K.L.:
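Dropping a structure here in structure tokens format, bear with me for questions.
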There are 2 protein chains.
Amino acid sequence: MRRTRFDDAPCPIARTTDLIGDWWTPIVLREAFLGRRRFDDFQRALSLSRGVLAQRLGRLVDEGLLDKRLYEERPPRHEYLLTEKGLAFYPVLAAMWRFGSDWLWPDGQQPPVELFDRESGLPVRPLVVDETTGEAIDVRKLRVGARTPNGG
Amino acid sequence: MRRTRFDDAPCPIARTTDLIGDWWTPIVLREAFLGRRRFDDFQRALSLSRGVLAQRLGRLVDEGLLDKRLYEERPPRHEYLLTEKGLAFYPVLAAMWRFGSDWLWPDGQQPPVELFDRESGLPVRPLVVDETTGEAIDVRKLRVGARTPNGG
DNA sequence: TAGAGCGAGTTCTATTGTCGAACTTACGCC
DNA sequence: GGCGTAAGTTCGACAATAGAACTCGCTCTA
């Protein structure tokens, strides 16, 4: 049976899930954000099957999150760079980071790593807010509705 | 081959990916946030295999995002309610919503649905910021580092 | 100039996971 | 006693994954 696809669903969550709803794609993107560019860099860092890596990188290129660039003619060598769309995905990883840090470590323990601001050196804690009010998102105060003509 | 597990990885993104890195879990959670509670509600809304649904709901209960409650003794009837941990996952879906809305529709088009504030009725646009500064997250200004004793 | 090495994949096979349908259990109603 | 409903479990066909080996184009070295 073919995996169910959500890429033409009317819901933005479903479409995003179609894009990253497997165990390697978010991790591959994480590595891209950490500055990895070359096939074997990804492969060594993640020790995943080369076949799966090729498929995932290909998908991310097809979807426009990565750009496959020739950085050397002879012999031909490629690198994968984040596009504007790829960079725009970072907030999703940041939200995952926050949830994981807050909820996926045993009692009293915390993850060994943290995010820092390069300039100030201060720790950064991602938080999801409403862009207009600046208030933290509270699901109990939200509803989903049809798009308004002037909205969004 | 057994699927690679990330549930004991040192990276919060990897652990979160382990939890939701498949095609149905985020969608099941979305439905839970939309107020769905009963097995057949989920099944009818999503038309996914009952086997897969049972496995996913079970995992979410095991992980503490859903609570399985008996709401009727005879005949025995159950419902799945979001826990505090489950509610804490909403920001991740909100970030996915924003990315999907902004980037996964063809030129000039927009998704048919939108988020609204229940009280004000105004559209809500999720944005990921740094909790301390309130500034939007910019991956180019971040670095990952070892946790500081007083940090985080 | 033969061979080792490297980057970037592709191909192969065994094992798992997923889909969809059918089946089961436990009860309530008529 | 049979039908309906909630909440699953079981089953078989098919798809995806992991890991290893192989290919291809090229460079460097002895």
Side-chain angles (χ1 to χ4, degrees), chain A residues 1-9 14 17-29 31-32 35-63 66-81, chain B residues 1-9 14 17-29 31-32 35-63 66-81:
Chain A
M1 295 293 133
R2 186 164 171 57
R3 200 200 97 191
T4 306
R5 288 273 172 200
F6 306 117
D7 50 349
D8 61 345
T17 298
D18 192 78
L19 188 57
I20 60 146
D22 68 85
W23 309 278
W24 284 116
T25 304
I27 311 284
V28 168
L29 281 170
E31 291 300 314
R36 259 179 254 282
R37 300 178 169 195
R38 300 209 304 271
F39 189 93
D40 277 30
D41 282 350
F42 284 100
Q43 204 273 322
R44 270 190 293 270
L46 299 176
S47 55
L48 84 171
S49 157
R50 307 178 73 78
V52 172
L53 178 59
Q55 197 271 321
R56 293 304 185 279
L57 288 172
R59 174 99 203 273
L60 288 170
V61 169
D62 287 349
E63 296 284 352
L66 294 178
D67 187 24
K68 185 177 182 174
R69 239 194 33 168
L70 197 71
Y71 71 92
E72 192 183 275
E73 293 265 355
R74 306 166 64 78
R77 292 285 182 266
H78 300 94
E79 62 184 358
Y80 296 89
L81 297 178
Chain B
M1 298 293 133
R2 184 160 171 61
R3 202 200 94 191
T4 306
R5 289 273 171 198
F6 307 116
D7 49 350
D8 61 346
T17 298
D18 191 78
L19 189 56
I20 61 146
D22 68 85
W23 312 278
W24 286 114
T25 304
I27 312 284
V28 167
L29 282 170
E31 291 299 314
R36 259 177 255 282
R37 301 178 168 195
R38 299 209 303 271
F39 190 94
D40 277 31
D41 282 350
F42 285 101
Q43 203 274 320
R44 269 191 293 268
L46 300 176
S47 56
L48 83 170
S49 156
R50 307 178 71 76
V52 172
L53 178 58
Q55 198 271 320
R56 293 302 185 281
L57 288 172
R59 174 99 203 273
L60 289 170
V61 168
D62 287 349
E63 297 283 352
L66 294 177
D67 186 23
K68 184 178 183 176
R69 238 193 33 165
L70 197 72
Y71 71 90
E72 193 182 275
E73 292 265 352
R74 306 165 61 81
R77 291 286 182 268
H78 301 95
E79 62 183 359
Y80 295 89
L81 297 178

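Keep in mind the model is a prediction, meaning the values are calculated, not measured. Reminder, nothing fancy here: chain letters follow the sequence lines and each chain counts from 1.
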K.L.:
Decide, yes or no, whether a salt bridge links A:E79 with A:R38 under the criterion of side-chain N to carboxylate O below 4.0 Å.
P.N.:
no
K.L.:
Kindly indicate whether the side chain of A:R50, heavy atoms from C-beta on, has any atom under 4.5 Å from the side chain of A:D40.
P.N.:
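Sidechains of A:D40 and A:R50: in contact.
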K.L.:
Flag the pair B:D22 / A:W23 as yes when at least one side-chain heavy-atom distance between them is below 4.5 Å, and no otherwise.
P.N.:
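Result yes, sub-4.5 Å side-chain heavy-atom pair found.
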K.L.:
Within this structure, what is the CD-to-C1' distance between A:Q55 and D:dG19, rounded to whole angstrom?
P.N.:
16 Å
K.L.:
Calculate the interatomic distance between A:Q43 atom CD and C:dT10 atom P; express it in whole Å.
P.N.:
14 Å
K.L.:
Taking CZ from B:R37 and P from D:dA7, how many angstroms apart are they, rounded to a whole number?
P.N.:
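Going from B:R37 (CZ) to D:dA7 (P), I get 12 Å.
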K.L.:
With nearest nucleotides of DNA chain C determined for A:Y71 and A:W23 from heavy-atom distances, which residue corresponds to the more 5′ nucleotide?
P.N.:
A:Y71
K.L.:
Taking for each residue the nucleotide of DNA chain D bearing the nearest heavy atom, is the 5' side occupied by B:P76 or by A:D22?
P.N.:
B:P76
K.L.:
Which whole-number value in Å describes the distance from A:E79 CD to C:dG7 P?
P.N.:
13 Å
K.L.:
A side-chain contact here means heavy atoms from C-beta on lying under 4.5 Å apart; do B:L66 and B:L81 qualify?
P.N.:
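Of all side-chain heavy-atom pairs linking B:L81 with B:L66, none is under 4.5 Å.
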K.L.:
Using only heavy-atom distances, decide whether a donor-acceptor pair under 3.5 angstrom links the side-chain of A:R50 to the base of C:dA8.
P.N.:
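Present.
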K.L.:
Would one find a side-chain N or O of B:T4 under 4.0 angstrom from OP1 or OP2 of D:dT17?
P.N.:
no
K.L.:
Among the nucleotides D:dA18, C:dC6, D:dA6, which one has an atom lying closest to any side-chain atom of B:R44?
P.N.:
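My answer, after comparing the listed nucleotides, is D:dA6.
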K.L.:
Among the nucleotides C:dA26, C:dG7, D:dG8, which one has an atom lying closest to any side-chain atom of A:R38?
P.N.:
C:dG7
K.L.:
Please give, in whole Å, the distance from D:dG8 P to B:K68 NZ?
P.N.:
4 Å
K.L.:
Under 4.0 Å, heavy atoms only, any strand: does A:R56 hit a base, just the sugar-phosphate, or nothing?
P.N.:
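The residue A:R56 makes sugar-phosphate contact but no base contact.
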K.L.:
Identify which nucleotide among D:dA7, C:dG7, D:dG19 has an atom closest to any side-chain atom of B:R77, counting heavy atoms from C-beta outward.
P.N.:
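Side chain of B:R77 sits closest to D:dA7.
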K.L.:
Rounding to a whole Å, what distance do you find between B:F39:CZ and D:dT5:C1'?
P.N.:
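Roughly 13 Å, once rounded to whole Å.
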K.L.:
Grab the CH2-P distance between B:W24 and C:dC19 for me, whole Å please.
P.N.:
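In whole Å, C:dC19 P and B:W24 CH2 are 6 Å from each other.
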K.L.:
Less than 4.5 Å apart, side chain to side chain, heavy atoms only: is that true for B:L19 and B:T25?
P.N.:
no
K.L.:
Rounded to the Å, how far apart are B:L57 CG and D:dT9 P?
P.N.:
11 Å
K.L.:
NA contact type, B:Y80, heavy-atom cut-off 4.0 Å: base, sugar-phosphate, or nothing?
P.N.:
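Contact class for B:Y80: sugar-phosphate only.
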